[in-house]
*Asks:* 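Can you read through this structure? Questions will come right after.
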Amino acid sequence: MANEIKPYEFDEIERRFQAKWRDEGTFEVSENASRPKFYCLEMLPYPSGDIHVGHVRNYCITDVITRFKRMRGFNVLHPIGWDALGLPAENAAIKRGTHPETWTRHNIAGMKAQLQRLGFSYDWTREVATCDAPYYRWNQWFFLKMLEKGIAYRANSPVNWCPSCLTVLANEQAEGGLCWRCKSTVVIRDMEQWFLRITDYQDALLDDMAELPAWPERVLQQQKNWVGRSQGAEVSFPIEGGGSIRVFTTRIDTIFGATFSVLAPEHPLVDSLMADTDNAAKETLARLRGQDRRARLAGQVDKEGLFTGRYATNPFSGERIPIWVGNFVLMGYGTGAIMAVPAHDERDFEFARKYGLRVHAVIQPPTGTLDGATMTEPYTGPGVVTGSAGFDGLTSEVAVEKMIAHAQARGFGAAKTAYRLKDWLISRQRYWGTPIPVVYCDKDGVVGVRESDLPVVLPPDAPFTGEGGNPLEKVESFVKATCPKCGGPARRETDTMDTFVDSSWYFYRYCSPKTGDAPFDKAQVRYWFPIDLYVGGIEHAILHLVYSRFWTKVMKDLGLIDWVEPVTRLFPQGMVHKDGEVMSKSKGNTIAPDDVIKRYGADTLRLYILFAAPPELSMEWSETGIEGPHRFLQRVWRLVQKHAPTTRPRDIAVPGLSENGAALRRKVHQTIARVTGDIDERIHLNTAVAALMELTNEAYRLEDGLTGPADAGALAEALDTLVLLLSPFAPHACEQMWQDLGHPKSLVDEPWPVADEAAMRETSVEVAVQVNGKIRARVQVPAGASEEAHKAAALEDASVRPHVDGKTLVKAVIVPGRLINLVVK
RNA sequence: GCCAGAGUGGCGGAAUUGGCAGACGCAGGGGACUUAAAAUCCCUCGCUCCGGAAGGAGCAUCCGGGUUCGAUUCCCGGCUCUGGCACCA
């Protein structure tokens, strides 16, 4: 008998069912008002050439959830696409002479085959590649709408230039002064570029977080820091001899301690203030201006400054204060000028001590008294205001309010909020991106392309030499254009869009990927939105996830949708590590899923990757660890094959279960409850797999002790349930086992099992007995026994007696079914 | 420096509401089957001590305190690691 069991041929099984799902369009969906919808999204991959284990982890999580939701009766949208524009394709073109599109399409085909070999349940009819002109034309359409509304604009400003990628970058793509893609140090250049006015939405980005209770706090926190809203005041300091300096401060309560003012070296007033100074001073100024602005931003340069020779008046104290220029004041934040309060600010203190400027304490801490002349470090906390005329004795908090009101009444200041967020720089000087749809006309200036002329298509014949700028500039037929306004000759914009534009709205396109006259079909989007669950890497917390929220808000203002947030629940999955390091191409420690599939099969890979760690934490890839899930799958396979012929026909409801039969049935229903909860609420897929392993172990333990028709029914139920519960994790093997168990339909259309509370209940339970908090014994009590019965059982127990006898029972804490704690003296 | 998260056997991890710490798996040890190996199956597996054994005692969730009948879980203080931000006025 045992040697007749058919072997588990995973390769053949997996390929057969993958073909079946594909041929039958199993996972193709459409709007259906009769079922609740579930939109599950994963971050679309960049087609670099290979699916890596990090992608696999992301997509395994969503695949389990979508298969589960489908069995629970939901109409599930589970799409996939390609973030197909971007630099690597162009770099490959320069290196190998293939066109970026050829390289990209080739990679997409290869990676698509890899995804299909993993058995993911995508609706492939909705596949979107952002390099398709019918897709990126809508990037252009959105751009024109934003141009009309003033959200898109062109401006000259200091920008991040990556000398390796040969293009400018947005602020958040140059974190820490490094290019997000190639890690080169960026340089600051003044250039005229295209921006999107994301700062118009900075308050909405913060305030709408109220609608995101199912987003992890750490992501929201990162976004809050990035927007960097800080409330304060703007105050004018009149300059002796005319004009005034506007400063931003969050600590107006310290203003009587402002003993000098500092301007950023780039501040527009500096040149006129220093017009009369000597050459040495001008040289110093030039040097400060020449310092690397990146390093200055990062605080990596020593504080340095010079006196302008001019004075201003502190509008509160009337005091005459010197005006300085300092490299630690940044033009890009606030007003580019500060009032310096050395007694109560670290930076001002350091600067004042270096140049011997006066330190004047005006805030007294709860303990001790400060003296500006002798203090060795500033006091930056709140306190009680002193030496501040009519404001003395107030707390910092109250003083802030009163001083703002005072400044406002006298007309030299007002409440003001400053933000860290900058507008989104979207132009790139590269070929493989969405052309920005404008032309430059000598007569009409910057003019948007007519909507009817979209898309502006990338010319296929651009030269990829790797030298001298954007290849688009060299395509005469592309650059030469006609002005839509006057019909005269015009020059076409050759900058293309940041690829983060593509990924800011792709999830709307999935709802109606073929729509030709609009970015998407409104009714279809209304059916599927919002996205119920979005799974992806946390590295996009302040990039993609901010841009996407912004884009949705703009779409709302354009009247395309009527909500302000696209994603209900965000689930950032952990990374995959190997030998303690993040797995990455550059480290050379990647694992190719293809090799693993060849050796163990896709089902084992899926199980392992989900079992090894909870999805939100990083997981360590282990060569031996994968053996466990593989053995488990084989065990399930053998169990099913062994009993499949005898479990038909099944009759589960027969009375008269043996003790073993009842135990098996109990375990089955307990497992249903656990697995369901683990997937649906907590997304703890590792413990769901562990529960299935437990059920399998229990079935092996009990199989030889089963007798009679009732037990046979319980075994049939156990096998059916095990296969159903396991199917989202290991869909191919389960489809085969489901057939072998005599079911004609595909598993994906079967309803998810429901736990029977009555069947789960134990007849008798083991209860721990503590004496004064220490475990002394374990006793059996009938399920649902009274507290008195628990207590009696505990006191009767032979190993409890020695600890209780001769002492007084003060109290008995009883948690029925779990624990008894006897407190004795 | 600031913010967030984490710290549990040799390893990955479990403990869902304050209630039996170590589920499940890997690795290890012992055994069965086999001519042998692989595969499979069974037993064992936190540390220390007492005992021939059955068994028993003590310690143990980063460290130190606290609350509680009871703390991996809550509170206070500290250490370490990871991620993010950082001259942002």
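Worth saying up front: this structure is predicted, and the values here are computed from it rather than measured. Side chains are part of it too, since the values below use all heavy atoms of this structure and drop only hydrogens, waters and symmetry mates. Within every chain, numbering begins at 1; the chains are lettered A, B, ... in the order of the sequence lines, protein sequences first and strands thereafter.
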*Asks:* Consider the side chain of A/Arg682, meaning its heavy atoms from C-beta on, and name the nucleotide among B/U16, B/C69, B/C24 that approaches it most closely.
*Replies:* B/U16
*Asks:* According to a strict under-4.0 Å criterion, is A/Arg635 in side-chain N/O contact with OP1 or OP2 of B/G25?
*Replies:* no
*Asks:* Among B/G19, B/A4, B/G13, which nucleotide sits nearest the side chain of A/Ala613?
*Replies:* B/G13
*Asks:* Please name the nucleotide paired to B/G58 by Watson-Crick or G-U wobble geometry with both distances under 3.5 Å, or report none.
*Replies:* B/C47
*Asks:* For the pair made of CD in A/Glu694 and P in B/G22, what is the distance, rounded to whole Å?
*Replies:* 13 Å
*Asks:* Tell me which nucleotide, if any, is Watson-Crick or G-U wobble paired with B/C74 when both distances must be under 3.5 Å.
*Replies:* B/G66
*Asks:* Does B/A38 pair with anything, Watson-Crick or G-U wobble, both distances under 3.5 Å, and if so, with which nucleotide?
*Replies:* none
*Asks:* Just checking, is any N or O donor in the side chain of A/Glu627 or A/Tyr600 under 3.5 Å from an acceptor N or O on the other one?
*Replies:* yes
*Asks:* By nearest atom, which of the nucleotides B/G19, B/A15, B/A4 is closest to the A/Thr687 side chain?
*Replies:* B/A15
*Asks:* State which of B/G13, B/U16, B/G84 makes the closest approach to the side chain of A/Asn686.
*Replies:* B/G13
*Asks:* Examine B/G25: is either OP1 or OP2 under 4.0 Å from a nitrogen or oxygen in the side chain of A/Asn697? Give yes or no.
*Replies:* yes
*Asks:* With both distances kept under 3.5 Å, what pairs with B/A23, Watson-Crick or G-U wobble?
*Replies:* none
*Asks:* Identify the nucleotide, in any strand shown, that forms a Watson-Crick or G-U wobble pair with B/C2, with both distances under 3.5 Å; if there is none, say none.
*Replies:* B/G84
*Asks:* Using both distances under 3.5 Å as the test, list the Watson-Crick or G-U wobble partner of B/A53, or none.
*Replies:* none
*Asks:* Whole-Å distance between B/G13 P and A/Asp678 CG?
*Replies:* 17 Å
*Asks:* Rounded to whole angstroms, how far apart are CD1 on A/Ile775 and P on B/A15?
*Replies:* 20 Å
*Asks:* In whole Å, I'd like the distance from the CE atom of A/Met331 to the P atom of B/A89.
*Replies:* 16 Å
*Asks:* Going by heavy atoms in the side chains, are A/Gln770 and A/Leu822 under 4.5 Å from each other?
*Replies:* no
*Asks:* Step through the shown structure and confirm whether more than 12 heavy atoms of other residues, nucleotides or ligands are within 6.0 Å of NZ on A/Lys416.
*Replies:* no
*Asks:* Which nucleotide, B/A14, B/C41, B/A15, lies nearest any side-chain atom of A/Arg638?
*Replies:* B/C41
*Asks:* With a 3.5 Å distance limit and no angle check, can you tell me whether A/Asn821 reaches the backbone of A/Ile814 through a side-chain donor-acceptor pair?
*Replies:* no
*Asks:* On RNA chain B, check which nucleotide each of A/Glu217 and A/Gln770 is closest to and give me the residue with the more 5' one.
*Replies:* A/Glu217
*Asks:* Distance check needed: B/G18 P versus A/Asn821 CG, whole Å only.
*Replies:* 18 Å
*Asks:* Measuring to OP1 and OP2 of B/G19, would you say a side-chain N or O of A/Lys774 lies under 4.0 angstrom away?
*Replies:* no
*Asks:* Within less than 4.0 Å of OP1 or OP2 of B/A57, is there a side-chain N or O belonging to A/Arg776?
*Replies:* yes
*Asks:* Side chain of A/Glu766: nearest nucleotide among B/G25, B/G13, B/C20?
*Replies:* B/C20
*Asks:* Figure out the CG/P separation between A/Leu543 and B/G84, and round it to whole Å.
*Replies:* 12 Å
*Asks:* Filter on salt bridge (charged side-chain N to carboxylate O under 4.0 Å, His left out), then keep only pairs touching residues 674-696 of chain A, sequence neighbours left out; what's left?
*Replies:* A/Lys69-A/Asp680, A/Arg72-A/Asp680, A/Lys667-A/Glu694, A/Arg674-A/Glu694, A/Asp678-A/Arg682
*Asks:* Who does B/G18 pair with, Watson-Crick or G-U, both distances under 3.5 Å?
*Replies:* none
*Asks:* Quick one: A/Leu633 CG to B/C24 C1', roughly how many Å, whole number?
*Replies:* 16 Å
*Asks:* With rounding to the closest Å, how many angstrom separate the C1' atoms on B/C59 and B/C3?
*Replies:* 38 Å
*Asks:* Is A/Arg631 close enough to B/C26 that one of its side-chain N or O atoms is under 4.0 Å from OP1 or OP2 there?
*Replies:* yes
*Asks:* Taking the side chain as every heavy atom from C-beta outward, state whether A/Val159 and A/Ser157 have any pair of such atoms under 4.5 Å apart.
*Replies:* yes
*Asks:* Work out how far the C1' atom of B/U72 is from that of B/C63, and round it to whole angstrom.
*Replies:* 15 Å
*Asks:* Just N and O in the side chain of A/Ser230: are any of them under 4.0 Å from OP1 or OP2 of B/A89?
*Replies:* yes
*Asks:* Of the options B/A14, B/A23, B/C69, whose atoms approach the side-chain atoms of A/Ala690 most closely?
*Replies:* B/A23
*Asks:* Taking atom types as they are modelled, would you say the side chain of A/Arg818 forms a donor-acceptor pair with the base of B/C20 within the 3.5 Å cutoff?
*Replies:* no
*Asks:* Which of these nucleotides, B/U40, B/A15, B/G19, is closest to any side-chain atom of A/His684?
*Replies:* B/A15
*Asks:* Let me know the distance between CD of A/Glu698 and C1' of B/C24, rounded to the nearest Å.
*Replies:* 14 Å
*Asks:* Can you tell which of B/C20, B/C59, B/A89 lies closest to the side chain of A/Ala768?
*Replies:* B/C20
*Asks:* Please measure how far the P atom in B/C47 lies from the corresponding atom in B/A23, and state the result in whole Å.
*Replies:* 13 Å
*Asks:* By nearest atom, which of the nucleotides B/A89, B/C85, B/A57 is closest to the A/Arg420 side chain?
*Replies:* B/C85
*Asks:* Need to verify one output field. Residue with the more 5' nearest nucleotide on RNA chain B, A/Ala418 or A/Asn772?
*Replies:* A/Asn772
*Asks:* Any side-chain donor paired with an acceptor under 3.5 Å for A/Asn225 and A/Arg420?
*Replies:* no
*Asks:* Side-chain donor-acceptor pair under 3.5 Å between A/Tyr333 and A/Ser230, yes or no?
*Replies:* yes
